[in-house]
Amino acid sequence: MTEQPPAWYTAAEKRAQAEAPTTPEPAVQAVEYTANCLPEDNINSLLYEIRVQYRGAGRYAVIRGGDMCLGSDGIWDYGVKAYDRGDDWLDAHRFDLDTALRLAKEQARLITVNGRTVTDALAMRQKRAERDA
């Protein structure tokens with residue numbers, strides 16, 4: 001049996017539907033990009049992925065593995081959230097979009113996972129394909 005939402009919630013949903021025609025047009029913005037040398041159908045693809053995420057004010061973070069953030073010095077730093085960080089740290093770990101995408105592409109070629117390079121991962125994929133053919 002499905003539980004019914006509270007009356008206040010249903011009322012708010014109805015009001016939102018009635019007000020929708022008068023609300024401003026929604027802004028749509030791409031906020032995340034990925035760079036990856038492995039095909040997306042590869043079982044290990046996510047492990048070799050670099051993400052570029054919009055962080056506001058026209059600045060982007062270059063992220064690896066959910067908790068590593070690339071600095072302008074080329075060194076990966078733990079922590080991707082802006083809180084508990086000063087302006088100096090943010091300035092060193094946030095980029096304009098073109099710079100962030102360039103850095104993500106560069107870093108995507110350099111990833112190693114458990115000692116395996118991108119070339120190793122692609123070779124393993126090829127061997128699996130040949131074995132399964």
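Only this structure's heavy atoms are used, side chains among them; waters, hydrogens and symmetry mates stay out.
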Q: For residues 113-123, which residue pairs qualify under side-chain hydrogen bond (donor to acceptor under 3.5 Å, both in side chains), counting only residues two or more places apart or in two chains?
A: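 Non-adjacent pairs meeting side-chain hydrogen bond (donor to acceptor under 3.5 Å, both in side chains): Thr117-Asp120.
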Q: Kindly compute the distance separating CZ (Arg15) from CD (Gln17), expressed to the nearest 0.5 Å.
A: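 Answer rounded to 0.5 Å: 12.0 Å.
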Q: Let me check something: do Ile75 and Phe95 share a hydrophobic cluster, defined by ILVMFWY side-chain heavy atoms less than 4.5 Å apart, either directly or through other members?
A: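 Hydrophobic grouping puts Ile75 apart from Phe95.
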Q: If two hydrophobic side chains count as joined below 4.5 Å and joins carry through other members, does Leu110 share a cluster with Tyr78?
A: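 Not linked; separate clusters.
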Q: Hydrophobic cluster membership, with links at side-chain heavy-atom distances under 4.5 Å among I/L/V/M/F/W/Y: are Val113 and Leu46 in one?
A: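 No, it is not one cluster - the side chains of Val113 and Leu46 are not joined through contacts under 4.5 Å.
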Q: Find out whether Val62 and Trp76 are in side-chain contact, i.e. whether some heavy atom of one side chain is under 4.5 Å from a heavy atom of the other.
A: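 Touching, per the 4.5 Å side-chain cut-off.
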Q: What do you reckon, is CD of Gln29 surrounded by more than 12 foreign heavy atoms closer than 6.0 Å?
A: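 Enclosed.
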Q: Looking only at non-hydrogen atoms, find the nearest pair between Cys37 and Ala108 and report the distance.
A: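 That closest heavy-atom pairing would be SG-O, 3.7 Å.
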Q: For the residue pair Ile63 and Ile50, establish whether any side-chain heavy-atom pair is separated by less than 4.5 Å.
A: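 When only atoms from C-beta onward are counted, Ile50 and Ile63 do not touch, as no gap falls below 4.5 Å.
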Q: Are any of the side-chain heavy atoms of Arg51 and Tyr33 separated by less than 4.5 Å?
A: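 Counting from C-beta outward, Arg51 and Tyr33 never come under 4.5 Å.
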Q: Closest heavy-atom contact between Ala61 and Cys69?
A: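 Shortest heavy-atom contact: CB-SG, 4.2 Å.
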Q: Sub-3.5 Å donor-acceptor pair from the side chain of Asn44 to the main-chain atoms of Leu47, do we have one?
A: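 Not confirmed, Asn44 side chain does not pair with Leu47 backbone.
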Q: Return the set of residues passing side chain to side chain donor-acceptor pair (under 3.5 Å) with Gln126 (not counting sequence neighbours), or none when no residue passes.
A: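 With sequence neighbours excluded, Gln126 shows a side chain to side chain donor-acceptor pair (under 3.5 Å) to Glu130, given in chain and number order.
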Q: Evaluate Asp77 against His93 for side chain to side chain contact (heavy atoms under 4.5 Å, CB included), listing each step before the verdict.
A: CA-CA 9 Å; Asp77 195 5; His93 293 82; 3.7 Å; yes
Q: Determine whether Leu70 and Gln107 make a side-chain contact, defined as any pair of heavy atoms from C-beta on separated by less than 4.5 Å.
A: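 Yes. Closest side-chain heavy atoms under 4.5 Å.
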Q: So which heavy atom on Ile111 is nearest to which on Glu49, and how close?
A: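 Looks like CD1-N, 4.1 Å.
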Q: Quick one: are Asp41 and Arg125 in side-chain contact, heavy atoms under 4.5 Å?
A: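 A side-chain contact exists here, since the closest heavy-atom pair is under 4.5 Å.
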Q: According to the ring-ring contact (aromatic ring centres under 6.0 Å, His included) rule, which pairs have a member within residues 49-74, sequence neighbours left out?
A: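 Counting only pairs at least two positions apart or across chains, the ring-ring contact (aromatic ring centres under 6.0 Å, His included) contacts touching residues 49-74 are Tyr54-Tyr60.
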Q: Decide, yes or no, whether a salt bridge links Asp87 with Arg94 under the criterion of side-chain N to carboxylate O below 4.0 Å.
A: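 Salt bridge absent between Asp87 and Arg94.
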Q: Restricting to non-hydrogen atoms, name the atom on Asn36 and the atom on Ser45 that form the minimum distance, rounded to 0.1 Å.
A: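 Smallest interatomic distance, heavy atoms only, reads ND2-O, 2.7 Å.
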Q: When you compare the side chain of Leu38 with that of Val118, does any pair of heavy atoms fall below 4.5 Å?
A: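 Side-chain contact under 4.5 Å: yes.
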Q: Let me confirm one number: the CD-CH2 distance from Glu13 to Trp8, rounded to the nearest 0.5 Å.
A: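 If we round to the nearest 0.5 Å, Glu13:CD and Trp8:CH2 are 9.5 Å apart.
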Q: Is there a side-chain contact between Ser72 and Asp91, using heavy atoms and a 4.5 Å cut-off?
A: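 No, too far: nothing below the 4.5 Å cut-off.
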